[in-house]
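Scroll down for the structure; my scribbles are underneath it.
Given the structure is predicted, the values throughout are model-derived calculations rather than measurements. Proteins come first, then strands; the chains are lettered A, B, ... in the order of their sequence lines, and each starts at number 1.
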Amino acid sequence: MNAAAKGEAGTWLVSGAAAVCLAAMLALLAWLAFAGFAALWPSRIVDLRLADGRDVLGEIVASSDEALAVRTSERDRLGGGYVRVVRSMITARSEPEDAFIVALADGRHLFGRGDASVAAEVQRDSGSPDAEETVWPNALGFFGRAGLFLRHAGRFLATSTPAPAIAGGVLPALIGTVTLVALMSLIVMPLGVATAVYLHERRGFAASLVRGAIANLAGVPSIVYGVLGLGLFVHGLGADIDRWFFADRLPVPTFGAGGLLWAALTLAILTLPVVVVSVEEGLARIPPSLRAGSLALGATEGETIWRLLLPAARPALLTGLILAIARAAGAVAPLMLVGVVKLAPALPIDATFPYLHPSRQFMHLGFTVYDAALAGPDALRGVPRAFSAALLLVAVVVALNLFAIVLRNRLRERYRALES
Amino acid sequence: MSVNPDTYGAFLTSSHDPALTRRRHRRDRLGALAVQLGTAVVLAALLSIPLFLIASLVAWTPLPEGAWAKLGTLFAGTVKAATFALLVAVPLGIGAAVFSASFASPRFRGWFKPCLEILEAIPTVVLGLVAFATVAPWLKGSVATLLALVVAVPALLLAGGFAFGARTKRIAGWLPLWILPVLIAVIAILVAASASRAPLIAVTTPWNTLLIGLALGLAAVPLVFSIAEDALLLIPSTHVRSALALGATRWQALVSIVMPAARSGLIAAVVLGASRCLGETMIVLMASGNTPLANFNPLDGVRTLSAELVLGLPEAAPPGGAYRLLLLAALALFVLTFTLNLLAAQARARLRRRADRGALA
């Protein structure tokens, strides 16, 4: 075994590590895309004839070597129609063209065979006044199913529901996430930019203290920020605000319970280091000649910063904002302590004055993923829905990050142009 | 960059108008005040974390019975989960960093790094979901397959290097892309071959520490990678070139010159990876089973400080003993991660100082 061969083997080993990282990332994204879309793709209805003479009509939702789990008509309640069918009992299996599925507004599914009049009768018998849709999926071709899939996806994105973990759309969670992140950006951007400017302009003890705090607290786990948000904001500040301004409503808390404002503040502290570091980096990249030129022409320090340095660092500001948003959109653990709920009675933003309701509890896409997968009453529905919500969340976060990466590369080229 | 020439004109003429000059300077002072105020708020907010946690220690509420034993169990669980995660994150992260810094072609690096940045950006709740709902049911019956993969993949790579290494020099900068399909095929074959067998190794629960190690480890890989790669890239390439000129292979130059020189940076990567794994919440919460056990068996479940905080705090009322116990847990987590971050920051700063002085190797 000579040194060259040993070296080649080592190179292959570290290449393998890189390959495993790539494989894991690709597998993760591919599986998310598959599982997220598959949950919304219309499934076929099967008709199983069993050895004991029974007839099972429904969708296969899980299968193992010995048995199938079939969701049949849920006549009484959501999640009340699951049947376990042992494979050896099945004598005949068919996918009849005339099988239909009635999706009721409360999330229940009913199955039957026949034409529209039979379906209408099935729906009338269910005791539920309105059906969301009645379809004959087995009779549909690929494009028909794709259309149905698009309709399901649209409904998933754009409707709200009383049982977000098992049925309907995630619109309130989407709105909650967006409102939260927007409010957080409004808080974190001015503070972060001010701090970055301060660090850029000043040296000395105070600056190094701020720098040290930012560098070392950036790595503190997000859950600790959540504890701070709960202890300091909700139980401390919130309780005080209630005592001073909302005393007439006590003991029902207004700001003394988790809510949008406290969650936004917590996330703002969590994302401050990201913003400060990236804005400061952007300011540091600006050639000193620009600044010297501005001062030489008679501009004050403040005018130089406000009219020259900050506009020149605009892409860095944007990068910081995007990275902060991406980090905040993915942070779930701290929110679970400061006001996220599985079902909020009202949106944090609506058409009644004062439009934004900072004390309201809110729903969040990331929490919906957790809740649907682990805490839902119907796991066979919840887990696929969790994958759909996760896909949505990842799509948003990855798109934001890609945007930030592209922006950062542009930024580098731009400064190279400035320097030459 | 375009600067409006009119603006310059305004600056020049204004100096002749004392009232305007005064106004401009007043605005300047106000702006400086706003910047200082903002910085003060930021500093107060950041410092409030340790101050709040330490202040809550002073508040005197008796702890519930068996509090210290519970904290000890949680602490042991946290360390256990992080240890198994590091077993995944360190070889993958540092291996990928070594490849990217020393062997990869610049174009491969150019998109490999963003790939790992995207992996880092994936919310941990999503990793937790995949671990909980997809990997756990598979791993339950396939612990032996996983172990076989852990042995087989490196062995195959080493064998491949010995057999084809000399002939693949031209593609060495893109080697991971050539290995990737083979790797996927090997994994697929092993997984398919063991699919219908009875499990050789029985697990206590599908949501065990092995699973946590895989998911948490994957979450920590990008961090370990980026810190380690930064450290390796700090080492001047002249060292490597002189070693190559003296007849060393690239691998020898890496192992005997670059890695020892970058040692403190590599240690910082491991320490920061550990800190990340210790504090991670969602993956552990979703995929660990949350069973408070103080043993080191990877096939058992685990419960960590972070998961305890999420599960316990919403129910605990502020002045009570249970609440204080949870704040103690948060403080323990804070002290642990803060110390590790501080150590890692110092190690990295030392390496950077030495690189700036040109005193490396």
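Looking at V369(A), V332(A), I223(A) one by one, the single match for side-chain contact (heavy atoms from CB on, under 4.5 Å) with M282(B) turns out to be V332(A).
Within the 4.5 angstrom heavy-atom criterion, atoms from both the backbone and the side chain of L232(A) approach chain B. The contact between I214(A) and chain B is made by backbone and side chain atoms together, counting heavy-atom distances below 4.5 Å. The contact between L309(B) and chain A is made by backbone and side chain atoms together, counting heavy-atom distances below 4.5 Å. L92(B) touches chain A through backbone and side chain together, each having a heavy atom under 4.5 Å away. The parts of F387(A) that come within reach of chain B are both its backbone and its side chain, each placing non-hydrogen atoms under 4.5 angstrom from that chain. Heavy-atom distances place both the backbone and the side chain of I49(B) under 4.5 Å from chain A. When heavy atoms are compared at a cutoff of 4.5 Å, L26(A) approaches chain B solely by way of its side chain, counted from C-beta outward. With a 4.5 angstrom heavy-atom cutoff, Y323(B) touches chain A only via side-chain atoms. With a 4.5 Å cut-off on non-hydrogen atoms, L272(A) touches chain B through its side chain but not through its backbone. Only the side chain of V41(B) comes within contact range of chain A, with heavy atoms under 4.5 Å apart. Interface residue L32(A): only side-chain heavy atoms are found under 4.5 Å from chain B. With a 4.5 angstrom heavy-atom cutoff, W306(A) does not touch chain B via any of its atoms. Contacts of R327(A) with chain B are absent, with no heavy-atom separation under 4.5 Å from either backbone or side chain. Interface residue S275(B): only side-chain heavy atoms are found under 4.5 Å from chain A. Contact of L53(B) with chain A is made through the side chain alone, with heavy-atom distances under 4.5 Å. The contact between A23(A) and chain B is made by backbone and side chain atoms together, counting heavy-atom distances below 4.5 Å. For L127(B), the part lying under 4.5 angstrom from a heavy atom of chain A is the side chain only. Both the backbone and the side chain of L191(A) come within contact range of chain B, each with at least one heavy atom under 4.5 Å from a heavy atom of that chain. For N216(A), the parts sitting under 4.5 Å from any heavy atom of chain B are the backbone and the side chain alike. Contacts of V221(B) with chain A are made by side-chain atoms alone, with heavy-atom separations under 4.5 Å and no backbone atom involved.
Minimum interatomic distance between P91(B) and A17(A) (heavy atoms only, all atoms of both residues): O-CB, 4.0 Å. Taking both residues in full, the closest heavy atoms of M286(B) and A373(A) are given as CE-CB, 4.3 Å, listed atom of the first, atom of the second, then distance. Between V126(B) and A390(A), the shortest heavy-atom contact is CG2-CB, 3.9 Å. Scanning both residues, V14(A) and G95(B), for their nearest heavy atoms gives CB-O, 3.4 Å. Shown here for L337(A) and P314(B), the closest heavy-atom pair between the two residues is CD2-CD, 3.8 Å. Residues P114(B) and I405(A) approach most closely at CB-CD1, 4.0 Å, considering heavy atoms.
Highest contact tally toward chain A, considering only L313(B), L129(B), L177(B), I118(B), is held by L129(B) [criterion: heavy-atom pairs under 4.5 Å]. Looking only at heavy-atom pairs under 4.5 Å with chain A, the residue among A133(B), G160(B), G38(B) that has the most is G160(B). Highest contact tally toward chain A, considering only A45(B), C115(B), A330(B), is held by C115(B) [criterion: heavy-atom pairs under 4.5 Å]. Options H235(A), M336(A), R202(A), E201(A) differ in how many heavy-atom pairs under 4.5 Å they form with chain B, and the most are formed by H235(A). Counting heavy-atom pairs under 4.5 Å between each of G330(A), G302(A), S15(A), A213(A) and chain B puts S15(A) at the top. Between chain A and the options P176(B), G279(B), A345(B), P222(B), the largest number of non-hydrogen pairs under 4.5 Å is found for P176(B). Per-residue counts of heavy-atom pairs under 4.5 Å with chain A were compared for L327(B), L272(B), L340(B), T337(B); the largest is that of T337(B). Counting heavy-atom pairs under 4.5 Å between each of P50(B), P123(B), G31(B) and chain A puts P123(B) at the top.
Taking the side chain as every heavy atom from C-beta outward, V397(A) and I122(B) never approach each other to under 4.5 Å. Using a 4.5 Å cut-off on side-chain heavy atoms (C-beta onward), L228(A) and F334(B) make no contact. Between Y370(A) and L285(B), the closest side-chain pair of non-hydrogen atoms falls below 4.5 Å. Annotation: side chain of M25(A) is not in contact with side chain of L116(B) (no heavy-atom distance under 4.5 Å). Counting heavy atoms from C-beta on, the side chains of L119(B) and L28(A) come closer than 4.5 Å. Counting heavy atoms from C-beta outward, L278(B) and P221(A) have side chains that stay 4.5 Å or more apart. Using a 4.5 Å heavy-atom threshold, the side chains of W12(A) and L158(B) count as separate. Contact check for L22(A) versus F112(B): side-chain heavy atoms found under the 4.5 Å cut-off.
Within a 6.0 Å sphere centred on CZ of F108(B), heavy atoms belonging to other residues, nucleotides or ligands number more than 12.
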- Item | Test log, rule side chain to side chain contact (heavy atoms under 4.5 Å, CB included), inputs E8(A) and F164(B) | CA-CA 8 Å; E8(A) 294 304 336; F164(B) 308 113; over 6 Å; no
- Working for side chain to side chain donor-acceptor pair (under 3.5 Å), residues T11(A) and W251(B): CA-CA 7 Å; T11(A) 314; W251(B) 183 256; over 6 Å; no
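Within the structure, every pair that satisfies the side-chain hydrogen bond (donor to acceptor under 3.5 Å, both in side chains) test and touches residues 25-52 of chain B, not counting sequence neighbours, is listed here: T300(A)-D28(B).
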